[in-house]
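In the text below, chain A, chain B and the rest are named by the order of the sequence lines, each starting its count at 1.
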2 protein chains.
Amino acid sequence: MKQKDTKQNILDAAEELFAVDGYHGTSLRTITKKAGVNLASVNYHFGSKEELVVEVLRRRLVPLNESRIKKLQKVLLDEKLLQQPVGVEAIMRSFIEPTLKFRDASPGAMSFLSLIGRALAEPDDTVRKKFASMMEPVFHLMLEGLVKALPGYPKEVLFWRLHFTIGATSHTLRCIDNVPMDKEGKMGTLSTEKLVAMLLPFVTAGMEAPL
Amino acid sequence: MKQKDTKQNILDAAEELFAVDGYHGTSLRTITKKAGVNLASVNYHFGSKEELVVEVLRRRLVPLNESRIKKLQKVLLDEKLLQQPVGVEAIMRSFIEPTLKFRDASPGAMSFLSLIGRALAEPDDTVRKKFASMMEPVFHLMLEGLVKALPGYPKEVLFWRLHFTIGATSHTLRCIDNVPMDKEGKMGTLSTEKLVAMLLPFVTAGMEAPL
DNA sequence: GTTTATTTTAAACACTTGTTTGAAAAATGC
DNA sequence: GCATTTTTCAAACAAGTGTTTAAAATAAAC
């Protein structure tokens, strides 16, 4: 049974190529050539290029979001039991840490992070909306937690600050291994821990900023 | 003399279309049709599609960055004369305020902001690098100011936090008029002032976060 | 082992892409 | 008003796109 291999190979190749050259910038011929399969197999197994990229996203994003939600629910529950106020940093950490830890998990994961960083910026409606719908439960739960953690802050403000957080994170993911913008050469790649150590205080302080 | 009109029409049409559908997603035929000019005129006046998008960026980004730098230099000079410590918020404001004020300046400016939000995420090396080189002086001057404003903070930390700021800002610009990610429908468009009022405290607090 | 069902393959399809061409048209210089 | 340069235009170009087709090869079912 070769089916599993073919599908997997296509997904792996597509993931890497989409991450580097974007959705529009990658052709099915490039993907199938890299995957070592026939051109027509993409349409046979996935239906179309669009359904392929959705599957590429889903394959990794669904488990990633599950681990994010799991961690987040644990944080919210723990603090409910302890009757302590919910910590903003703990909420933010439950989003950021699985994201960046994910990087070291599997070999293809790193290029996937560039891809999801790009997916938010994708002009294509179908792809972006599909991506947004996969992210929605996480976003919703975080906002819920933040409302409890920061009483007195209008929900609209927290909504926008969460929006900014996603912007900062996705931008970081997108250019995770080649940070431009520096005159004196690149800043070099950071380890996952160091990156968390950088990003987490930033978004936490931003979220807690006085009104 | 029709030349000016033709070039201008192409730039205007390209700006709007690139902003909505991205660089790869917009064809020269769509652009020239919208501009009401002949297909060949893009290659005649600009050389190629790539040189066109660079010109679209340059036309608005150069003056925008000039006003950013002007404002920034004034802030840095003022505080030098007054011998006060440089305020982080003033530095961040000199970046964000002109950006968002720019939105109300000219009719095409709004779609341009979506475009520069997208330019950072552009997979195309040429476009992204050109964009980065136009942004570099602003980035450099801001980092310089921040080093003075936050003594004791390692430059590397400030570099990354500035990086996060750009991520948050560009993400906001990109989906400035259709914020997804919300279950209960869109949050609606915000006025420029309100958007500054939201973004500025976030990035300022993030920049000043304890180490 | 034969018969289904599934998967792979090469070729072609219909279409779009950015770019080039050479002649017609318009503007400019004097 | 003529000559020259600049700009416009329709047409064609070569290359690349996602997708479909029908036959060949492989796997599964019984």
Can you tell me how far C1' of D/dT8 sits from NE2 of B/His45, to the nearest Å? 8 Å
In terms of side-chain heavy atoms of A/Asn38, which of C/dT8, C/dT20, D/dT8 is nearest? C/dT8
May I ask you to check whether B/Phe139 and B/Phe159 place their ring centers less than 6.0 Å from one another? yes
Can you measure A/Asn43 atom CG to C/dT6 atom C1' for me and round it to whole angstrom units? 17 Å
On DNA chain C, nearest-nucleotide positions of B/Leu28 versus A/Gly36: which is more 5'? A/Gly36
In whole angstroms, the gap separating P of D/dT17 from OH of A/Tyr23 amounts to 13 Å
Does the ring centre of B/His171 sit less than 6.0 Å away from the ring centre of A/His171? no
On DNA chain D, compare the nucleotides closest to A/Thr30 and B/Val37; which residue's is nearer the 5' end? B/Val37
Protein-nucleotide distance (A/His24, atom NE2; C/dT16, atom P), rounded to Å: 15 Å
Which part of the nucleic acid, if any, lies within contact of A/Thr26, taking any heavy atom under 4.0 Å across all strands shown: a base, the sugar-phosphate backbone alone, or nothing? sugar-phosphate
Please give, in whole Å, the distance from D/dG16 C1' to A/Ile31 CD1? 14 Å
Before giving the answer on salt bridge (Lys or Arg N to Asp or Glu O under 4.0 Å), spell out for A/Lys7 and A/Glu55 the whole-Å C-alpha distance, their side-chain angles and the decisive distance to 0.1 Å. CA-CA 10 Å; A/Lys7 283 187 89 168; A/Glu55 194 51 42; over 6 Å; no
Integer-rounded Å distance: C/dT6 P and A/Tyr44 OH: 7 Å
Using the salt bridge (Lys or Arg N to Asp or Glu O under 4.0 Å) rule, take A/Glu15 and A/Arg59 through it: C-alpha gap first, then chi angles, then the decisive distance, then the call. CA-CA 10 Å; A/Glu15 174 175 82; A/Arg59 178 174 65 148; 3.7 Å; yes
Nearest-Å distance for atom pair CG/P, residues A/Asp5 and D/dT26: 16 Å
When we call it a touch if two heavy atoms are under 4.0 Å apart, what does A/Ser27 touch: a base, just sugar-phosphate, or nothing? sugar-phosphate
Would you kindly check whether a donor in the side chain of A/Arg29 faces an acceptor in the base of D/dG16, or vice versa, at under 3.5 angstrom? no
Can you tell me the distance, in whole Å, between the CG atom of A/Leu52 and the C1' atom of D/dT17? 15 Å
